[in-house]
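Structure first, then comments.
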Amino acid sequence: SKFFSPFLEGIYLAPLEEQSSRMFSFVFKMFSDGAATLPAGGMGAVAQQLVDKAQAAGVDIRVENSVQKIVSKKDGSYDLALKKKGKLNAEKVIVATEGPVTQTLLATVNELKSLAEKEGETQRSVGCLYYSFDGQAPVTDPILILNGIGAERGNDANPVNNCCFPSVVRDGYSPAGSNLCSVTILKDAMESFANRQDDLDTSVRSQLSTWFPDQKDDILNKWKLERVYTIPNAQPAQLGGPMPANVNGGRPCDTYRDVKLPAGLFVAGDAMATATLNGALESGVNAGKAATNAT
């Protein structure tokens, strides 16, 4: 389908035959219940709201010093070895990271070393390019523009899967008088342009100029490429792997890969529920409640 293929692949970051029926039902329900939108202040505003509320409650938040190892102690507490030397001691620990890091960290716990032998869950990757430009956006409706070209979608001449203009959806995504274009490139196209960022930029501009011919000269010569992101662990595959999508409240946060975790240790993340922001938040709430109620 010239509509469903780019639309759903832009959500699941994989061909239709590699997509989970559970995830399809979940996402279809979400779109049926309400409209998609963007938070004011950017996606980082979601995390910032959590930070603000946590700090207001007296939580000490430390960043840029990752945990390298979790050591269980005889008294039931845990020592967390930090990258920049030193350690923290905690009675309860919630591991809330991307899937591969979660498995690596848990495997450092004495009782969970067998996790190191388990095959990691497949991750899906994606690329994003952001362009800024002055003047009106080519599309003034808050919509997603899909590449409906068919079989040639994703080749070197047509790498774009979809694009949108976040500044049209929500004020504040660009300075007054300018706009922002967000372009999504799926895995195969990103790999084809590996180490060739200039060529990718040229190809994207060329393709977009055919979509918006009235702005062709601006797209080719005036739009400013702000950033190119390659996101290797954008979401867990959740199909044919050890942790399929769970749309019924998420998995128990005290169990990981069918292995019961030691008391006081919990896991949160989208891999524990659905590969969505909803799933990540739902899993975090579950782990937080469990840690609070644990004795």
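The first residue of the sequence shown is numbered 1, and numbering continues consecutively from there. Remember, predicted model here, so these are calculated numbers, not experimental data.
Residues in residues 254-269 take part in these salt bridge (charged side-chain N to carboxylate O under 4.0 Å, His left out) pairs, two or more places apart or across chains: D254-K260. Within the structure, salt bridge (charged side-chain N to carboxylate O under 4.0 Å, His left out) contacts touching residues 59-76 (residues at least two apart or in different chains) are D60-R62, K73-D79.
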Atom pairs and distances, side-chain donor-acceptor, residues 269-282, under 3.5 Å, sequence neighbours left out:
{"from": "T274", "atom 1": "OG1", "to": "T276", "atom 2": "OG1", "distance (Å)": "2.8"}
{"from": "T276", "atom 1": "OG1", "to": "N278", "atom 2": "N", "distance (Å)": "3.4"}
{"from": "T276", "atom 1": "OG1", "to": "G279", "atom 2": "N", "distance (Å)": "2.8"}

Please set out all donor-acceptor pairs under 3.5 angstrom arising from side-chain atoms of residues 129-144, sequence neighbours excluded.
{"from": "Y131", "atom 1": "OH", "to": "D201", "atom 2": "OD1", "distance (Å)": "2.7"}
{"from": "S132", "atom 1": "OG", "to": "E226", "atom 2": "OE2", "distance (Å)": "2.5"}

Exercise. Decide yes or no on side-chain contact (heavy atoms from CB on, under 4.5 Å) for F24 and S20, but give the supporting numbers first.
Key: CA-CA 6 Å; F24 173 81; S20 163; over 6 Å; no

| request: Kindly indicate, with the supporting measurements, whether the criterion side-chain contact (heavy atoms from CB on, under 4.5 Å) is fulfilled by S182 and Y173. | output: CA-CA 11 Å; S182 171; Y173 276 69; over 6 Å; no

- [ ] Evaluate the criterion side-chain contact (heavy atoms from CB on, under 4.5 Å) for residue pair Q238 and M23; output intermediate values, then yes/no.
- [x] CA-CA 8 Å; Q238 296 197 314; M23 280 297 297; 3.7 Å; yes

Q: Give the C-alpha distance, both sets of side-chain angles, the deciding distance and a yes or no for side-chain contact (heavy atoms from CB on, under 4.5 Å) between I70 and V95.
A: CA-CA 10 Å; I70 303 174; V95 179; 3.9 Å; yes

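Rounded to the nearest 0.5 Å, atoms CZ (R22) and CG (L239) are 10.0 Å apart. Rounding to the nearest 0.5 Å places CZ of R205 at 8.0 Å from CG of N221. For the atom pair L146 CG and T184 OG1, the distance stands at 10.0 Å (nearest 0.5 Å). Note that CD of Q103 is 8.0 Å distant from NZ of K118, once rounded to the nearest 0.5 Å. Summarising the geometry, atom CG belonging to L186 is positioned 14.0 Å from atom OH belonging to Y12; distances are rounded to the nearest 0.5 Å. Note that NZ of K187 and CZ of R124 are 9.5 Å apart. Values are rounded to the nearest 0.5 Å.
Proximity of a side-chain donor or acceptor of N161 to a complementary backbone N or O of P6 within less than 3.5 Å is detected. Between the side chain of S192 and the main chain of D188, no donor-acceptor pair closer than 3.5 Å is present. Side-chain atoms of T122 do not come within 3.5 Å of backbone N or O of A237 as any donor-acceptor pair. Checking side-chain atoms of S167 against main-chain N and O of L180 turns up a donor-acceptor pair under 3.5 Å. A donor-acceptor pair is defined here as one N or O able to donate and one able to accept, closer than 3.5 Å; no such pair exists between the side chain of D33 and the backbone of M30. Side-chain atoms of S206 do not come within 3.5 Å of backbone N or O of T202 as any donor-acceptor pair. Proximity of a side-chain donor or acceptor of T108 to a complementary backbone N or O of L105 within less than 3.5 Å is detected. No donor-acceptor pair under 3.5 Å is formed between the side chain of S203 and the backbone N or O of L200. Using modelled atom types, no side-chain atom of Y229 and backbone atom of V126 make a donor-acceptor pair closer than 3.5 Å. Checking side-chain atoms of S174 against main-chain N and O of S178 turns up a donor-acceptor pair under 3.5 Å.
Side-chain contact of S209 with Q215: a donor-acceptor pair under 3.5 Å is absent, judged by distance alone. Side-chain atoms of N89 and S77 include a donor-acceptor pair closer than 3.5 Å.
In the hydrophobic clustering of ILVMFWY residues, with side-chain heavy atoms under 4.5 Å counting as a link, I185 and I11 come out apart. Taking hydrophobic clusters as Ile, Leu, Val, Met, Phe, Trp and Tyr residues chained together by side-chain heavy-atom distances below 4.5 Å, L112 does not share a cluster with V71. By the rule that hydrophobic residues join a cluster once side-chain heavy atoms approach within less than 4.5 Å of another member, V183 and I231 end up as members of separate clusters. Hydrophobic cluster membership is shared by V160 and L225, with clusters built from Ile, Leu, Val, Met, Phe, Trp and Tyr side chains linked at under 4.5 angstrom. When hydrophobic clusters are built by joining Ile, Leu, Val, Met, Phe, Trp and Tyr residues whose side-chain heavy atoms come closer than 4.5 Å, directly or via intermediates, L115 is not grouped with I94.
For the pair P242 and E119, the minimum side-chain heavy-atom distance is 4.5 Å or more. Looking at heavy atoms from C-beta onward, V93 lies out of side-chain contact with F266 at the 4.5 angstrom threshold. Between L82 and Q68, the closest side-chain pair of non-hydrogen atoms is not below 4.5 Å. K2 is not listed as a side-chain neighbour of R153, based on a closest heavy-atom distance of 4.5 Å or more. Side-chain atoms of Q207 and P159, non-hydrogen and from C-beta on, do get closer than 4.5 Å to each other.
Scored by the salt bridge (Lys or Arg N to Asp or Glu O under 4.0 Å) test, R170 finds no partners at all (sequence neighbours excluded). Judged as a salt bridge (Lys or Arg N to Asp or Glu O under 4.0 Å), and not counting sequence neighbours, the contacts of D218 are K222.
Taking the six-membered ring for Trp and thresholds of 30 and 60 degrees, F165 and W223 have ring planes more than 60 degrees apart, a perpendicular arrangement.
Scanning both residues, T102 and Y256, for their nearest heavy atoms gives CG2-CE1, 3.8 Å. N286 and C253 get closest at one heavy-atom pair: O-SG, 3.8 Å. Residues G10 and N162 approach most closely at CA-OD1, 4.0 Å, considering heavy atoms. Shown here for A268 and A287, the closest heavy-atom pair between the two residues is CB-CB, 3.9 Å.
Summarising the local packing, CZ of F3 is surrounded by more than 12 heavy atoms from other residues, nucleotides or ligands at distances under 6.0 Å. For D171, the CG atom is loosely surrounded, since the number of other residues' heavy atoms within 6.0 Å does not exceed 12. Residue K113 places its NZ atom among more than 12 non-hydrogen atoms of other residues, nucleotides or ligands, all under 6.0 Å distant. The number of heavy-atom neighbours closer than 6.0 Å to NZ of K216, taken from other residues, nucleotides and ligands shown, is 12 or below.
Aromatic pair F7/F31: ring centres closer than 6.0 Å.
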